[in-house]
Undergrad: 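There's a structure below that I have some questions on.
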2 protein chains.
Amino acid sequence: MDLEARAHAEHPEALRLWLRLLTCTQLIERQLRAALREHFDTTLPRFDLMAQLERVPEGLRMSELSRRLMVTGGNVTGLTDQLVAEGLVERIGVEGDRRVWRVRLTEAGQRAFADMAHAHEQWVVQALEALTPREVDTLHRLLGKVKTHVQTLQGVATPEDIA
Amino acid sequence: MDLEARAHAEHPEALRLWLRLLTCTQLIERQLRAALREHFDTTLPRFDLMAQLERVPEGLRMSELSRRLMVTGGNVTGLTDQLVAEGLVERIGVEGDRRVWRVRLTEAGQRAFADMAHAHEQWVVQALEALTPREVDTLHRLLGKVKTHVQTLQGVATPEDIA
DNA sequence: TATTGTTATACTCTATAACTATA
DNA sequence: TATAGTTATAGAGTATAACAATA
């Protein structure tokens with residue numbers, strides 16, 4: 001358990017920070033995946049897709065889901081197909097452009113998501129409970145700088161990006 | 001590009017922090033994967049395996065690599081096989097126990113890793129260049145608290161964990 | 001012609017479990 | 001019997017590219 005081994009060289013502080021960032025994220029993500037699997041028989045990408053829909057009751061088109069989840073269109077089709085088969089989301093035609101779908105949570109999907117989101121939140125809170133509220137704030141702010149910079153580097157340009 | 005959508009509920013600060021942590025890590029990791037692929041035709045797990053070996057010239061046994069990389073044994077066998085086929089690492093028998101191997105970098109592997117590590121470091125430095133040295137320090141320290149706590153929760157208990 | 005979404009396919013990464021060979 | 005490592009297999013998760021329908 002020490003992924004933090006890639007350190008060496010001229011900027012050891014930056015490298016060490018990156019490796020610690022990666023380790024923390026992996027530890028928490030692994031736990032969340034396992035817990036979602038165990039308690040709700042679902043996966044993180046499916047949870048994320050539902051989380052996007054939960055914020056937009058009227059639904060999102062496939063291309064918008066693809067952009068927000070940062071995955072290609074084919075994957076969104078696959079995830080959506082699964083969730084439709086389970087009755088958690090539905091595709092609704094958009095009048096005026098018959099190529100486009102709005103995807104939205106069904107009522108069952110809303111109920112299921114509420115349960116999952118509640119448990120998910122508790123797992124996250126537990127993982128981060130070593131930090132004081134002030135430290136949570138500081139971390140959030142500093143990571144915000146990193147996020148903005150990296151997005152600029154990668155030319156993502158998402159003014160409508162929230163949080 | 002806004003994975004940071006799962007927020008809501010009773011502890012929105014913790015959730016927001018987790019989602020930002022995840023977004024930052026994914027953005028950087030994606031870029032590193034793409035760059036390793038493009039410039040060195042390799043992958044992050046292979047790079048990580050070589051990074052572990054670079055610190056231990058005499059080599060590590062398969063089980064130790066498995067522990068350090070946080071993946072199961074079968075995966076280490078597969079990664080090692082690939083790297084052996086390319087002449088970057090070698091398996092050496094251990095006298096006294098014929099079940100055990102020491103895996104270590106070959107000379108070619110050392111040279112290849114030095115190149116990759118140098119480029120890798122520059123990519124990381126660039127991703128984190130929005131932070132002052134002091135902020136890098138703060139982030140590293142706060143994430144250290146998270147890491148320790150999560151490892152305790154998961155019962156990992158790794159006193160020999162470095163960094 | 002361009003765009004939206006789907007299909008087909010393949011590759012990386014990972015886990016589990018059965019297996020071989022030593023101890 | 002227990003341990004070190006391997007093999008076999010399966011399933012996420014993701015990407016690319018060709019495709020159909022519609023604009």
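Letters go in sequence order (proteins before strands), and every chain restarts at 1.
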Undergrad: Determine, stepwise, if the pair B:V103 / B:R61 fulfils side chain to side chain contact (heavy atoms under 4.5 Å, CB included).
TA: CA-CA 6 Å; B:V103 183; B:R61 40 165 73 192; over 6 Å; no
Undergrad: Nearest whole angstrom, please: distance from the P of D:dA15 to the CD of B:E29.
TA: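 From B:E29 CD to D:dA15 P: 12 Å.
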Undergrad: Test side-chain hydrogen bond (donor to acceptor under 3.5 Å, both in side chains) on B:H149 and A:E129; report intermediate values, then the result.
TA: CA-CA 8 Å; B:H149 177 66; A:E129 70 194 356; 3.0 Å; yes
Undergrad: Pick base, sugar-phosphate or nothing for B:G93, based on heavy-atom distances below 4.0 Å to the nucleic acid.
TA: nothing
Undergrad: Rounded to the nearest angstrom, tell me the gap between atom CG in A:N75 and atom P in D:dA17.
TA: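 The distance from CG of A:N75 to P of D:dA17 comes to 14 Å, rounded to the nearest Å.
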Undergrad: Identify, between B:R37 and A:R30, the residue whose nearest nucleotide on DNA chain C lies closer to the 5' end.
TA: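 Nearest-nucleotide comparison on DNA chain C picks B:R37.
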Undergrad: At a heavy-atom distance below 4.0 Å, which nucleotide of DNA chain C is the first touched by chain B, and which is the last?
TA: C:dT12 to C:dA23
Undergrad: Where the side chain of A:R99 is concerned, which of D:dT22, D:dT6, D:dT14 is the nearest nucleotide?
TA: D:dT22
Undergrad: Contact class for A:T72 vs. all strands (heavy atom < 4.0 Å): base, sugar-phosphate, or nothing?
TA: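 Touches a base.
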Undergrad: Mapping A:D97 and A:V71 to their closest nucleotides on DNA chain D, which lands nearer the 5' end?
TA: A:V71
Undergrad: Need to verify one output field. Residue with the more 5' nearest nucleotide on DNA chain D, A:L79 or A:R98?
TA: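 Its nearest nucleotide lies further toward 5', so the answer is A:L79.
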Undergrad: Reading DNA chain C from 5' onward, which residue's closest nucleotide shows up sooner: B:T43 or A:M62?
TA: A:M62
Undergrad: Please determine whether a side-chain nitrogen of the Lys or Arg among B:R91 and B:D81 lies less than 4.0 Å from a carboxylate oxygen of the Asp or Glu.
TA: yes
Undergrad: Please determine whether side chain to side chain contact (heavy atoms under 4.5 Å, CB included) holds for the pair B:L36 and B:W123, giving the CA-CA distance in whole Å, both sets of side-chain angles, and the decisive distance to 0.1 Å.
TA: CA-CA 10 Å; B:L36 279 174; B:W123 299 325; 4.1 Å; yes
Undergrad: D:dT6 P sits how many Å from B:R61 CZ, rounded?
TA: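 Result: 12 Å.
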Undergrad: Quickly work out the B:L65 CG to D:dT6 P distance and round it to whole Å.
TA: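 Rounded to whole Å, this separation is 11 Å.
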Undergrad: Once you round it to whole Å, what is the distance between P of D:dG13 and CG of A:L49?
TA: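 After rounding, the reported distance stands at 12 Å.
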Undergrad: Enter the distance from B:I28:CD1 to A:K147:NZ here, rounded to the nearest 0.5 Å.
TA: 12.5 Å
Undergrad: Rounded to whole Å, how long is the line connecting atom CG of B:D81 with atom C1' of D:dT7?
TA: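 After rounding, the reported distance stands at 10 Å.
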Undergrad: Run A:R46 and A:T43 through side chain to side chain contact (heavy atoms under 4.5 Å, CB included) and show every step you take.
TA: CA-CA 5 Å; A:R46 289 166 46 134; A:T43 65; 3.3 Å; yes
Undergrad: May I ask you to check whether B:F47 and B:F40 place their ring centres under 6.0 Å from each other?
TA: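 When the ring centroids of B:F40 and B:F47 are compared, they turn out to be at least 6.0 Å apart.
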Undergrad: Rounded to the nearest Å, what distance is computed from the CZ atom of residue B:R91 to the P atom of nucleotide D:dG5?
TA: 10 Å
Undergrad: Provide, to the nearest angstrom, the distance between the CE atom belonging to A:M70 and the C1' atom belonging to D:dT14.
TA: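 Going from CE in A:M70 over to C1' in D:dT14 covers 13 Å.
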